[in-house]
Amino acid sequence: MPESIPLVFASMNPGKRAEIAALLPGPFRLATPEEFAWTGELPETGRTLEDNALQKARFLYERSGLGSFADDSGLEVDALGGAPGVDSAHYAGPQRNASDNIRLLLGQLKGNSTRTARFKTVIAWVDASGSARTFEGVVEGRILEVPRGHHGFGYDPVFVPADSERSFAEMSSEEKNAMSHRARAFKAFWAFLHP
Ligand code: IMP
């Protein structure tokens, strides 16, 4: 059997790594930062999703010399000029608490009828020669006034995708994954890696 090709996924989140490992196409296998003696947080000091994804992927490429990729996602709310965006995880503070983040967001939008928003994922890929490119996935939608549903994570209870009546948190993971920003970005990345 031909040997599999290792790609480094620059993520320290074991749940996300398991999900992505199961989706990897064809001849590839996922290598982890720990295999290259990295167990800390990954650097994420950029001011855009693209900067952060590139920073994480380059960091692992420089340690491993292998093709490396990273993703970074966030929620962009039009009435807030694109916030929380790159600050989505820690919008309400360093405790990174989803309920606190939602409470802050709904407070800021109180009385505002402009509710349009989008989730965005950027994947950065640094190949074995060090060249970089990025892939994007977007899902447009709107922010509810009151959270609904208990599935998912993060802002799912307040986000309703366009053409749906239900929030992401009211959908099964299969339903959400069929349309999510992350799924769309990975689909584009897999198509590039293994056309
Ligand atoms: P990450 O880059 O995938 O870690 O996402 C950063 C933050 O964006 C998360 O901590 C969430 O607050 C938010 N976020 C990203 N994707 C989703 C999603 O699919 N549902 C809800 N919140 C999300």
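Read the numbers this way: they start at 1 and go in the same order the structure lists the ligands and their atoms.
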Quiz item: Under 4.0 Å from ligand 1, counting heavy atoms only, is it the side chain of Phe159, its backbone, both or neither?
Solution: neither
Self-check item: Check: Leu66 and Ile5 side chains under 4.5 Å, non-hydrogen atoms
Solution: no
Quiz item: What protein heavy atom is closest to atom 4 (O) of ligand 1, reported as residue, atom name and distance in Å?
Solution: Lys16 NZ, 3.7 Å
Quiz prompt | Option passing salt bridge (Lys or Arg N to Asp or Glu O under 4.0 Å) with Glu140 (candidates Arg118, Lys120, Arg115) | solution = Arg118
Exercise. Measure the distance from atom 8 (O) of ligand 1 to every protein heavy atom, then report the residue, atom name and distance (to 0.1 Å) of the closest one.
Key: Ser88 CB, 3.3 Å
Quiz item: Nearest 0.5 Å, what's the CZ-OG distance between Phe168 and Ser180?
Solution: 6.0 Å
Practice problem: Taking salt bridge (Lys or Arg N to Asp or Glu O under 4.0 Å) as the test, write out the residues that go with Glu174, two or more places apart. | Solution: none
Exercise. Could you find the nearest protein heavy atom to atom 2 (O) of ligand 1 and give me its residue, atom name and distance?
Key: Ser73 N, 2.9 Å
Quiz item: Nearest protein heavy-atom contact for atom 12 (O) of ligand 1: which residue, which atom, what distance?
Solution: Tyr155 CE1, 3.2 Å
Quiz item: What's the verdict on side-chain contact (heavy atoms from CB on, under 4.5 Å) for Phe119 and Val138, showing C-alpha distance, side-chain angles and the deciding distance?
Solution: CA-CA 6 Å; Phe119 274 122; Val138 175; over 6 Å; no
Quiz item: Among protein heavy atoms, which sits nearest to atom 19 (O) of ligand 1, and what does the distance come to when rounded to 0.1 Å?
Solution: Lys176 NZ, 2.7 Å
Quiz prompt | Protein contact of atom 17 (C) of ligand 1 - nearest heavy atom, named by residue and atom, plus distance | solution = Phe153 CZ, 3.4 Å
Practice problem: Check each of Gly85, Ala89, Ala53 against atom 7 (C) of ligand 1 and report the one with the nearest heavy atom. | Solution: Ala89
Quiz prompt | Close-contact set for ligand 1 against Asp72 heavy atoms, below 4.0 Å | solution = 2 (O)
Quiz prompt | Residue Gly154 vicinity, atoms of ligand 1 by number, heavy atom under 4.0 Å | solution = 21 (C), 22 (N)
Quiz item: So, does Asn101 use its side chain to make a donor-acceptor pair with the main chain of Ser88 at under 3.5 Å?
Solution: yes
Quiz item: Could a heavy atom of His181 be found less than 4.0 Å from some atom of ligand 1?
Solution: yes
Self-check item: NZ or CZ of Arg133 within 45° of Phe192 ring axis and under 6.0 Å
Solution: yes
Practice problem: Determine, considering heavy atoms only, which of Asn177, Val158, Asp156, Asn101 sits nearest to atom 20 (N) of ligand 1. | Solution: Asp156
Self-check item: Side chain proximity check, Ser167 to Phe159, heavy atoms < 4.5 angstrom
Solution: no
Quiz item: What residue and atom, counting heavy atoms only, is the protein's closest point to atom 16 (N) of ligand 1, and at what distance?
Solution: Arg182 NH2, 2.7 Å
Quiz item: With Arg166, which residues qualify under salt bridge (Lys or Arg N to Asp or Glu O under 4.0 Å), at least two apart?
Solution: Glu175
Practice problem: For Phe119 and ligand 1, answer yes if some heavy atom of the residue is under 4.0 Å from a ligand atom, otherwise no. | Solution: yes
Quiz item: Can you find a pair of side-chain heavy atoms, one from Asn52 and one from Thr45, that are under 4.5 Å apart?
Solution: no
Quiz item: Does an N or O anywhere in Asp71 fall below 3.5 Å from an N or O of ligand 1?
Solution: no
